[in-house]
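In what follows, a structure is listed as structure tokens, so that the remarks can point back to it.
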Amino acid sequence: MSKELPKTYNPKETEEKIYKTWEESGFFTPENLPDKREASFSVSIPPPNATGTLHLGHSLEYSLQDAVVRYHRMKGDLTLWLPGTDHAAIATNTKVEKKLIKETGKNRHAIGREAFVKEVEDFVAESRGVMQKQIRQIGASVDWSREAFTMDDKRSLAVKTAFKKMYDAGLIYKDYKVINWDPKGQTSVSDDEVEHRPEKGMLYTFKYSSDFPIEISTTRPETKVGDTAVAIHPDDKRYKQYIGKEFKNIEFAGTKLNIKIIADENIDPEFGTGAVGVTPAHSLVDADIAQRHSLPMVQVINEYAKMTEEAGTLVSGKKTKEAREIIVTWLKENKLLSGEENIDLNISIADRSGGIIEPLPKLQWFVAVNKKFKIKESKIKGIESNSETTLKEIMKKSVENGQIEIMPGRFNKTYFHWINNLRDWNISRQLWYGHRIPVWYKGDETLCDINHPEGSGWEQDPDTLDTWFSSALWTFSTLGWPDKNAPDLKKFHPTSFMNPGYEIIFFWVARMILASGFLLGEVPFKKVYLHGILRDSKGRKFSKSLDNGIDPIEIIDHYGADALRMSLIIGIGPGNDANFDTNKVRGYQHFANKLWNIARFVLLNVTEKPNLNASLKDKDQTKLEEQKELIKDITNDMEEYRYYIAAEKIYHYIWHILADEIIEDSKTDLSSKDLETKESAQRMLLELLMNSLKILHPFMPFVTEEIYSKLPNKNKILLIVEKWPVN
RNA sequence: GGGCGCAUAGCUCAGUUGGUUAGAGCGUCUGUUUUACACACAGAAGGUCCUAGGUUCGAGUCCUAGUGCGCCCACCA
């Protein structure tokens, strides 16, 4: 070799150049891959939110996915890794509105829907550029020619088509129901977007009036002006005599209540007084009771968490918190309050805005998960074509029968538990950024269609869709669906591997299974490898308030992308949280340098034209065979998705076997005057190094590719398309 | 209230189906310019694998109970 390698490996000089070489080679696109490839292997990237820059959690995700993808590419599969971004309606809407207020002092209403959406689109375009650059820097071998966005034209068509198909099947319906309302974000949210936070509260026990026979308990006295019933357990002897009685025009805190006494199995006679004041409009549980007993619904709280006129003269127009105090005072003054007790309770919070959820009755769109429909074509085991099924059953069977394997297996339980308790999915949001609901109204007419209906006077539903509705279609909306004959769809769906965080198993994984099952009659992916949360070195979550965020680009600048990737794979098993420590990254930076110097040593010891067919001495042959055995073992680990173990074994082999033992031992042979001895040693080292580069490449693609380019025994243009050494 | 996870070297964590002297990174100590690498090499110290029982020829690994952390789900009003 003519040129001397520098003493130390410099990732900064190498990485950008190498990534460019890969992109220009076209090998990220499966159609351009060399050799005949039968089996396809496809991965959809979990699309990062278009809200801004990527964090280390993304690096974790891409490090593993890229390793998986590169392994399969080398194995000879027709390999596709499809990139893209998610418009993240609620998150982006919030972020841009905040920015707008900060910069101009105007909120979205002040500038209007059209101008606001434009504002968001500009922001998103900019963010996406940053994110694309970051994905390149980590070395992700994604097919940029297929890049997708959940709001682009193709995905919009998919969303509208999916909506219409579900609407036509009767699985999407509009209804006036009690939903989770976020007064801060001014939108409804689904059950999954509600978080619970423990808080100290007060349990008040009282009667509506002095001549009302039953005491009730509540933590929310302000809602009691909306009560229409008192529920008791049917077997409760204390109250049995009152069942069915109605008390009309009870004077209560500035309003008049009509209370019916009803019996319901779900009431716990042991709790409180054993009697519940039923508030159908402001409790999801009470709304269920109300429905069972056909109780009237009185809305006493509005969208701004203030009391309505219906709430009566005493509290009308007040905030809920003030109303509570007023009513408690009124109860005390009228000697109706018999108990106040400190109690631990959970309050509901909207996960995005942090607003306190107020259950409200509202006209919203829902996906019916328990409603039966006839599935035309099903490849899901346990669900026959042309049979009746439900979305819930699709979600259940797809996993139950093993067509989808979730790793680690313990999450199966979580998944099934969620499905069993699942209620209809509220998919409408009162936001401006997102896919607009493809339904139009004209007078009494309602029309669901992909395009604006012909004729004038049609007005589109103002609501937008839950962002997860479009994400649910991701594995196939990116492959040409709704064109059922799209070549990509045929070749690459179901996808092979999906690598999301466990925190979105409900939001996303379950919804993808639902959507793919209904629309395609098949599963969206075969393997779900869940990853955990990456925390800081002290085990704390990364958060803005702690200001402990680490920019992956800084780490890459300092230690190299290979080192970062390695540190995010080794020792991090599926579904486990991990702490991020720069010391670990530094360790693998040293490893990259070690490999570099192994290559230097080997290249220093081979002639310009080494004899690649030199006959091998027995001991050298043995070294090759031992390495083969190790590679078999590693390959087995990778087939079983134990990348976190495989990478460590490779590390150990290269450093402590190849460098510490084999190279050390070879030094005498390399300086031998016997040509055969010398050439045998040279050949052995070249082959061991070559194989080491191949097996390490999925994990540390840059440094291995760079070294590969300098080796005399390469037989491909680039390492990325080299053949995996065993099969 | 239901479900799940974790507890292994000073620190952060691996340990696949139970099988020889329990591993990695970082840290500590002692040496060493040696055909590459001081981002290195040679060597060393450091572990009752949370506790107590049990199964087994054999347990960090399986079972039971307990202790301490952590997570998820759930509107006991």
Side-chain angles (χ1 to χ4, degrees), chain A residues 4-9 178 180 191-192 194-196 201 203-205 216-220 223-224 230-231 266-268 270-279 282-289 343-348 357 359 408 410-414 416-418 420-421 502-503 505-506 532-533 535 537-539 559 563 566-567 570-573 575-605 633 636-637 640-642 644-649 651-652 655-656 659-660 663-664 666-668 670-671:
Chain A
E4 275 277 305
L5 299 185
K7 239 174 146 175
T8 334
Y9 171 62
V178 176
N180 307 300
D191 294 344
D192 298 287
V194 178
E195 280 175 358
H196 302 280
L203 184 69
Y204 302 92
T205 302
I216 59 165
S217 297
T218 184
T219 53
R220 298 198 63 191
T223 63
K224 297 291 100 181
V230 165
N266 292 344
I267 306 301
D268 176 7
E270 304 295 318
F271 187 87
T273 63
V276 181
V278 182
T279 323
H282 301 289
S283 156
L284 263 55
V285 170
D286 290 8
D288 284 347
I289 297 176
I343 192 174
D344 292 318
L345 51 85
N346 285 314
I347 57 164
S348 302
I357 293 292
R410 65 184 136 94
F411 281 96
N412 280 305
K413 227 171 178 170
T414 317
F416 289 126
H417 179 261
W418 180 81
N420 287 332
N421 294 301
Y502 62 70
E503 74 277 9
I505 184 167
F506 309 135
I533 294 165
R535 300 165 181 278
S537 61
K538 292 173 189 144
Y559 303 99
M566 204 62 171
S567 78
I570 289 186
I572 303 179
N576 291 342
D577 291 352
N579 294 357
F580 182 80
D581 190 347
T582 48
N583 282 329
K584 191 173 173 189
V585 187
R586 185 149 48 87
Y588 296 115
Q589 178 198 20
H590 295 176
F591 177 56
N593 190 60
K594 185 73 186 180
L595 181 68
W596 183 255
N597 276 288
I598 290 169
R600 273 184 82 205
F601 177 84
V602 173
L603 289 172
L604 279 172
N605 279 286
D633 182 42
N636 184 44
D637 282 331
E640 303 292 325
Y641 287 92
R642 291 190 296 265
Y644 61 109
I645 292 174
E648 189 167 354
K649 285 179 181 166
Y651 171 94
H652 186 265
W655 198 314
H656 299 297
D660 291 352
I663 285 186
E664 287 309 316
S666 74
K667 285 178 180 173
T668 44
L670 289 169
S671 59

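On a predicted model such as this, the values are computed, not experimentally measured, just so you know. Scope of the values below: all heavy atoms of this structure, side chains included, with no hydrogens, waters or symmetry mates. Note on naming: letters A, B, ... go to the chains in the order of the sequence lines (proteins, then strands), and numbering restarts at 1 for each one.
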Got a sec, which residues hit salt bridge (Lys or Arg N to Asp or Glu O under 4.0 Å) with [X], two or more places apart in sequence or on another chain?
X        : result
A:Asp633 : A:Lys649
A:Lys413 : none
A:Arg642 : A:Asp637

- Note on the structure: Given protein heavy atoms under 4.0 Å, the one-letter contact record of nucleotides 17-24 of chain B, with B base, S sugar-phosphate only and - none, is simply -------S

- Would you give a per-nucleotide map of nucleotides 4-10 of chain B, 5' to 3', where B means the base has a protein non-hydrogen atom under 4.0 Å away, S means only the sugar-phosphate does, and - means neither? SS-----

- Mutual orientation of the aromatic rings belonging to A:Tyr651 and A:Phe591 [parallel < 30°, tilted 30-60°, perpendicular > 60°]: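 Tilted.
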
Tell me every residue that passes side-chain hydrogen bond (donor to acceptor under 3.5 Å, both in side chains) with [X], counting only those two or more places apart in sequence or in another chain.
X        : result
A:Asp192 : A:Trp418, A:Arg511
A:Lys7   : none
A:Lys594 : none
A:Glu195 : none

Under 4.0 Å between a side-chain N or O of [X] and OP1 or OP2 of [N]?
X        : N     : value
A:Trp655 : B:C41 : yes
A:His417 : B:C72 : no
A:Lys7   : B:C37 : yes

Is any side-chain heavy atom of [Y] closer than 4.5 Å to one of [X]?
X        : Y        : result
A:Leu284 : A:Asp191 : yes
A:Val178 : A:His282 : no
A:Leu203 : A:Leu345 : no

- Task: Write out all pairs satisfying side chain to side chain donor-acceptor pair (under 3.5 Å) with one or both partners inside residues 575-585 of chain A, taking only residues at least two apart or from two chains.
- Result: A:Arg410-A:Asn576, A:Tyr502-A:Asp577, A:Arg535-A:Asp577, A:Asn583-A:Arg586

- Item | 5'-to-3' dot-bracket of RNA chain B (Watson-Crick, G-U; under 3.5 angstrom; crossing pairs as [ ]; | other strand) | (((((((..((((.....[...)))).(((((.......))))).....(((((..]....))))))))))))....

Sugar-phosphate, base or nothing in reach of [X], heavy atoms under 4.0 Å:
X        : value
A:Glu664 : base
A:Asn605 : base
A:Tyr644 : sugar-phosphate
A:Gln589 : base
A:Asn583 : sugar-phosphate

Kindly give the atom pairs (protein nitrogen or oxygen, nucleotide nitrogen or oxygen) under 3.5 Å for nucleotides 75-77 of chain B.
{"unit_1": "B:C75", "atom_1": "OP2", "unit_2": "A:His196", "atom_2": "NE2", "d": "3.4"}
{"unit_1": "B:C75", "atom_1": "N4", "unit_2": "A:Leu284", "atom_2": "N", "d": "2.5"}
{"unit_1": "B:A77", "atom_1": "O2'", "unit_2": "A:Ser217", "atom_2": "O", "d": "3.2"}
{"unit_1": "B:A77", "atom_1": "N6", "unit_2": "A:Asp268", "atom_2": "O", "d": "2.5"}
{"unit_1": "B:A77", "atom_1": "N6", "unit_2": "A:Phe271", "atom_2": "O", "d": "3.0"}
{"unit_1": "B:A77", "atom_1": "N1", "unit_2": "A:Asp268", "atom_2": "N", "d": "3.3"}

- Query: Rounded to the Å, how far apart are A:Met566 CE and B:C13 C1'?
  - Reply: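 For the pair A:Met566 CE and B:C13 C1', the rounded distance is 15 Å.
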
- Between B:C72, B:A36, B:U35, which nucleotide gets closest to the side-chain atoms of A:Lys594? B:A36

- From the list B:G27, B:G15, B:C37, which nucleotide is the closest neighbour of the side chain of A:Ile645?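 Among the listed nucleotides, the one closest to the side chain of A:Ile645 is B:G15.
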
